[in-house]
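What you are looking at is a predicted structure, and each value in this text was computed from that prediction instead of being measured. Letters A, B, ... mirror the listed sequences (proteins, then strands); counts begin at 1.
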Number of protein chains: 2
Amino acid sequence: MAELDELDQALLRELQRDARRTNRELAAATGVSPSTSLERVRSLRERGVIRGFLVDLDLEEVGRPVQALIAVRIRPPSRANIEAFREWASRLPETVGVFVVSGGEDFLIHVAVPDNKFLYAFVIDRLTQRPEVADVRTSVVYEHIRSPVIEPATPARRRR
Amino acid sequence: MAELDELDQALLRELQRDARRTNRELAAATGVSPSTSLERVRSLRERGVIRGFLVDLDLEEVGRPVQALIAVRIRPPSRANIEAFREWASRLPETVGVFVVSGGEDFLIHVAVPDNKFLYAFVIDRLTQRPEVADVRTSVVYEHIRSPVIEPATPARRRR
DNA sequence: GATGAAATAGATCGTAC
DNA sequence: GTACGATCTATTTCATC
């Protein structure tokens, strides 16, 4: 787990608000020189704290206004079945994300599709074609809120 | 819904791979001049297709290696209760995202916490303190895969 | 709309503290 | 680890097609 001091945390906060802020803006917002913030952000990437930079698409504008979470039970839940399904599901064009979970189900697939008809067809035609799929439970997503800022749970440590 | 021609789609694909690609790289990758790609990306932002740019944090490195999806049932599921709970849940520091859903439950809260002890305490101490929470079901997330590229479901349209 | 050149602004690196 | 300043590179604007 990475050690993150006050400056690292401040930079992460700023970048979560807007990942395209220029290095100069970051430096000004955190009260250090541009070369320092540049070096720190590079270090955060190298240490794997920052995995990359993503674009936040509006799923409605992109023709996928209907979202759903589809809980899937795999039987038998062998490693072979789980891994095969995970690979298959995460590659579908409808898939936004895949959660591999414990509990009543083995997977939760987050999908975004053009309409309800498409969603229904996806569930009853495509998902159930997989022989390892034993059970499917669909929940329509009315709204998906992402937290704007995730704070590190690490206590701040001094690095100087 | 936005109309997206071939160039728009190509730019979205490139930006989803790495949202920090420079405008020059985008232009080279899509075969247009830098000023054209700059203008197109700006248009995508103005039209709301691109909602913003996010940093992809590694939740483990940030001290939150344990993820869970917590299904919550609200009783009665009145607008007042639903909205109050949504606001409360989406502001918690443990929360990564909140899904408002149909079906057996009303919410699915995606949380990331330091360890299982913390998760358990979160569920039995904090969630159940809310009077409108009637039922809670926790699934631990072993793995969360995000789709690297979401393709528009819109058929390409000509804009020239 | 798209282009290419010119002006503005930012990223980056060497050097010093 | 940090700051300053010079250099290199990218962004942005504008006249033109």
Side-chain angles (χ1 to χ4, degrees), chain A residues 1-58 61-63 151-152 154-160, chain B residues 1-58 61-63 151-152 154-160:
Chain A
M1 201 171 77
E3 296 203 358
L4 304 168
D5 71 3
E6 292 289 348
L7 178 53
D8 290 324
Q9 296 191 38
L11 289 167
L12 289 177
R13 252 194 314 275
E14 296 298 328
L15 281 173
Q16 284 184 85
R17 274 201 260 275
D18 175 7
R20 274 218 164 171
R21 299 187 71 170
T22 67
N23 185 56
R24 298 192 144 185
E25 286 174 326
L26 282 181
T30 55
V32 294
S33 74
S35 54
T36 299
S37 72
L38 190 70
E39 163 58 24
R40 286 302 192 95
V41 173
R42 182 182 299 161
S43 163
L44 288 167
R45 288 203 75 162
E46 276 166 8
R47 290 188 282 160
V49 179
I50 293 175
R51 306 205 305 180
F53 296 92
L54 306 172
V55 63
D56 182 14
L57 289 192
D58 188 312
E61 291 295 328
V62 117
E151 293 283 341
T154 342
R157 311 233 172 105
R158 298 191 175 273
R159 295 177 72 199
R160 293 207 206 183
Chain B
M1 201 171 77
E3 297 203 357
L4 304 167
D5 70 3
E6 293 289 349
L7 177 54
D8 290 324
Q9 296 192 36
L11 290 167
L12 289 176
R13 253 194 312 275
E14 297 298 328
L15 281 173
Q16 284 183 86
R17 273 200 260 275
D18 175 8
R20 271 217 165 174
R21 300 188 70 172
T22 66
N23 186 55
R24 285 179 170 229
E25 287 174 326
L26 282 182
T30 55
V32 294
S33 74
S35 50
T36 298
S37 73
L38 188 72
E39 164 57 24
R40 286 302 192 97
V41 173
R42 182 181 301 161
S43 162
L44 288 167
R45 286 202 76 163
E46 276 167 7
R47 289 189 282 160
V49 179
I50 293 174
R51 307 205 304 179
F53 296 92
L54 307 173
V55 63
D56 183 14
L57 289 191
D58 188 312
E61 292 295 329
V62 117
E151 293 282 341
T154 342
R157 312 232 171 107
R158 298 188 176 276
R159 295 177 72 199
R160 290 207 211 189

Quiz item: Expressed in angstrom and rounded to an integer, what is the separation of B:Glu39 atom CD from D:dT11 atom P?
Solution: 15 Å
Quiz item: So which of residues 12-22 of chain B are in contact with DNA chain C, with a heavy-atom cut-off of under 4.0 Å?
Solution: none
Quiz prompt | Distance test, side-chain N/O of B:Arg40 to OP1/OP2 of C:dG1, below 4.0 Å | solution = no
Quiz item: Tell me: CG of A:Leu38 to P of D:dG5, nearest whole Å?
Solution: 18 Å
Quiz item: Just by modelled atom types, is the B:Leu26 backbone N or O under 3.5 Å from a matching donor or acceptor in the B:Glu14 side chain?
Solution: no
Quiz item: Between B:Arg42 (CZ) and C:dG1 (C1'), how many Å, whole number?
Solution: 14 Å
Quiz item: Between C:dG1 atom P and B:Asp5 atom CG, what is the distance in whole Å?
Solution: 9 Å
Quiz item: Rounded to the Å, how far apart are A:Leu26 CG and C:dT12 P?
Solution: 12 Å
Self-check item: Main-chain N/O of A:Ser33 paired to A:Arg24 side chain as donor or acceptor, under 3.5 Å
Solution: no
Quiz item: Using a distance-only test with no angle check, is there a side-chain donor-acceptor pair under 3.5 angstrom linking A:Ser43 and A:Arg47?
Solution: yes
Exercise. Considering just the side-chain nitrogens and oxygens of B:Arg24, establish if one lies under 4.0 Å of OP1 or OP2 belonging to D:dC8.
Key: no
Quiz item: To the nearest angstrom, how far is A:Asn23 atom CG from C:dG10 atom P?
Solution: 11 Å
Quiz item: Within the distance-only criterion (no hydrogens, no angle test), does the side chain of B:Asp56 pair as donor or acceptor with the backbone N or O of A:Phe53 below 3.5 angstrom?
Solution: no
Exercise. Look only at the side chain of B:Arg20 and the backbone of A:Ala19, and say whether a donor-acceptor pair between them is shorter than 3.5 Å.
Key: yes
Practice problem: Could you walk me through whether A:Glu151 and A:Arg13 pass salt bridge (charged side-chain N to carboxylate O under 4.0 Å, His left out), step by step? | Solution: CA-CA 7 Å; A:Glu151 293 283 341; A:Arg13 252 194 314 275; 3.4 Å; yes
Self-check item: Reference residue B:Ser37; test side-chain contact (heavy atoms from CB on, under 4.5 Å); the match among B:Thr22, B:Leu11, B:Leu7
Solution: B:Leu11
Exercise. Output yes when at least one side-chain N/O atom of A:Thr36 is less than 4.0 Å from OP1 or OP2 of D:dT2, else no.
Key: no
Quiz prompt | Below 4.0 Å: OP1/OP2 of D:dT2 and any side-chain N or O of A:Ser35 | solution = no
Exercise. Round to the nearest Å and state the distance from B:Leu7 atom CG to C:dG1 atom C1'.
Key: 11 Å
